[in-house]
Amino acid sequence: MDARWWQGAALYQLYVRSWQDSDGDGYGDLRGILSRLGYLQWLGVDGIWLSPTMPSPDEDWGYDVSDYRGVHPDLGTMDDLDELIAQAGRRGMRVLLDLVPNHTSTAHPWFVESASSRQSPLRDYYVWADPAPGGGPPNNWLDFTGRSAWRWDDRTGQYYLHNFLAAQADLNWWQPAVHEEFRRVLRFWFDRGVAGFRIDVAHGLYKDALLRDNPPAGQQGPLAGRFGLRSEYNENRPEVHAVYRAWRAIADRYTPPRLLLGETWVGELDRFASFYGADDELQLAFNFPFVFAEFAAADLAAVVAGTLAALPPQGCPVWTASNHDVGRFPSRWCGGDDAKVRLALLVLATLPGTLVLYYGDEIGMTDVGVPLELQQDKMSLGSGQNGSSGEGGQNGGSTDGNGWQGNRDRARTPMQWDGSVAAGFTRAAAPWLPTGDSATVNVADQRDDPGSVLSLCRDLLSLRRAESGGQLASYQPLPAPPGGWAYRAGSLTVLANFSDRPVTCQDPGRPILLSTTGATPAAGDAAGDILLAPWQGIVARTAGVPPAPGRR
Ligand code: GLC
């Protein structure tokens with residue numbers, strides 16, 4: 001079973017700077033995580049994904065790496081990370097790191113060398129190009145702030161490419177030496193016991209060899225493109241699949257196999273599924289059509305059915321709805337409504353596959369309006385997505401922006417541990433980002449309350465472990481009235497009411513294992529019917545289907 005340990009697992013994305021500060025500098029760190037491992041074990045997660053931990057000038061908070069083999073001094077030391085891997089392992093939890101192969105910091109020694117002269121042996125590590133024939137940038141590609149993705153370098157008289165900030169230079173994956181560098185980085189961390197990587201911008205890496213202009217985006221929306229252009233040539237190139245086949249071969253050589261979980265920011269389910277290859281590329285890929293689906297029964301059911309139909313046999317879906325870019329689902333999907341948050345957690349935790357929670361999902365933490373003067377995210381600020389009327393990029397603001405749909409700091413605020421001023425996150429006078437409403441929503445209050453969102457989340461994790469036991473459960477939609485969604489997942493039957501009215505469903509039988517309202521639904525008018533309250537969800541054990549053998 002260890003061979004596919006991520007199947008049925010619950011992973012927890014932890015934004016290290018915001019989770020727990022141990023040294024009082026206002027930033028979360030690795031020793032802070034060590035001090036809270038007991039909480040994660042109590043919650044019942046199988047693994048944690050740490051947002052970037054490598055040294056970085058922090059123009060993009062670690063997504064601008066200056067050393068792929070180190071630990072950021074603000075966050076701790078290599079010894080701390082080794083200890084975290086070991087202690088988490090003793091508690092039955094695996095540790096994934098964030099790997100950023102699309103670009104490096106311009107402070108990375110590779111870029112410094114590459115930019116030193118046109119004759120540099122590392123010149124081809126990055127994407128350098130001459131001006132367009134009439135002068136100006138080589139093509140129309142835009143970065144994530146909406147400005148040209150090309151930065152002029154006076155010293156060597158060429159432009160370099162940066163799909164993100166100018167301080168994040170895109171690597172040139174047409175250069176075989178870049179492949180070799182990253183294969184070594186993979187082995188370096190896998191040998192240290194890292195369980196796998198979340199791969200940043202996994203659909204990126206290769207750029208069109210001819211540097212052709214991007215076409216206009218036909219549609220609007222977070223997955224359609226950026227700033228009016230479809231990202232056809234500056235990312236999304238088919239050559240990237242060979243990279244993941246090579247990485248998968250490396251990952252599979254370890255015991256247990258190491259996990260490759262891609263940030264595959266694509267809008268079409270067949271392209272999303274292509275990152276699984278023939279079960280020889282990524283084992284897991286983030287599903288953004290699901291993230292951006294409407295929180296409505298028919299929409300979610302359609303994305304789930306489409307996802308499962310698109311994946312190759314053995315392909316394990318991964319369900320997540322919040323992260324450090326797109327914001328928190330308790331806000332985006334649920335508008336802060338407690339009943340909806342519970343229903344969303346129930347669905348996320350019962351769909352077959354891997355669950356990735358974002359820190360704070362388990363207590364229903366919502367996005368936080370961060371005042372402009374306290375904002376830290378240069379990408380949102382640069383693109384005008386700062387919740388103010390600030391100056392925007394080429395298109396003058398956030399109308400069809402970079403897809404994150406808002407300022408990213410809103411979902412990066414400190415974990416709300418208790419109701420104190422700094423939420424139990426730090427003893428510093430001011431944390432690096434302001435805390436949300438920790439007096440109302442916090443772990444301490446919810447932990448011992450059996451009716452809390454946290455208790456529900458913990459019950460769900462324990463239920464999925466007991467029932468699906470680390471297997472990839474089967475999925476079968478069941479008839480449901482408008483506004484309702486009913487499905488069978490392995491030994492479980494799930495009924496969910498996504499509406500403000502009671503809905504009548506067929507009684508799934510007994511036992512009812514869990515209800516988001518804590519109450520058993522009332523009997524319906526007809527024999528064999530039950531009545532779900534508005535936004536109520538329940539989980540029952542399907543008659544005649546025993547739980548799968550447990551993982552542990
Ligand atoms: C990914 C990360 C995001 C980062 C970007 C550039 O989308 O999730 O936070 O800014 O890549 O590395």
Is the [X] to [Y] ring centre distance short of 6.0 Å?
{"X": "F295", "Y": "F498", "result": "yes"}
{"X": "F290", "Y": "W319", "result": "yes"}
{"X": "Y68", "Y": "H108", "result": "yes"}
{"X": "F292", "Y": "W265", "result": "yes"}
{"X": "W174", "Y": "Y206", "result": "yes"}
{"X": "H241", "Y": "F275", "result": "yes"}

Return the orientation label for the [X] and [Y] ring planes: parallel under 30°, perpendicular over 60°, tilted otherwise.
{"X": "W247", "Y": "Y244", "value": "perpendicular"}
{"X": "Y15", "Y": "W432", "value": "parallel"}
{"X": "F182", "Y": "W173", "value": "tilted"}

(request) Over all heavy atoms of both residues, which pair between P289 and G267 is shortest? Give the atoms and the distance, please. (result)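 Taking P289 first and G267 second, the nearest heavy atoms are CG-O, 3.5 Å.
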
(message) Please give me the minimum heavy-atom distance between D98 and M54, naming the atom from each residue.
(response)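 That closest heavy-atom pairing would be O-CE, 3.8 Å.
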
Ring pair (Phe, Tyr, Trp, His ring centres under 6.0 Å) involving [X] - partner list, sequence neighbours excluded:
{"X": "Y358", "value": "none"}
{"X": "Y233", "value": "none"}
{"X": "W417", "value": "W19, Y39"}

(message) Does E113 have more than 12 heavy atoms from other residues, nucleotides or ligands lying within 6.0 Å of its CD?
(response)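 More than 12 heavy atoms, drawn from other residues, nucleotides or ligands, come within 6.0 Å of this atom.
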
(message) Counting only heavy atoms not in R151 (residues, nucleotides, ligands), do more than 12 fall under 6.0 Å from its CZ?
(response)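 Counting neighbours around CZ of R151, 12 or fewer heavy atoms of other residues, nucleotides or ligands fall under 6.0 Å, so no.
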
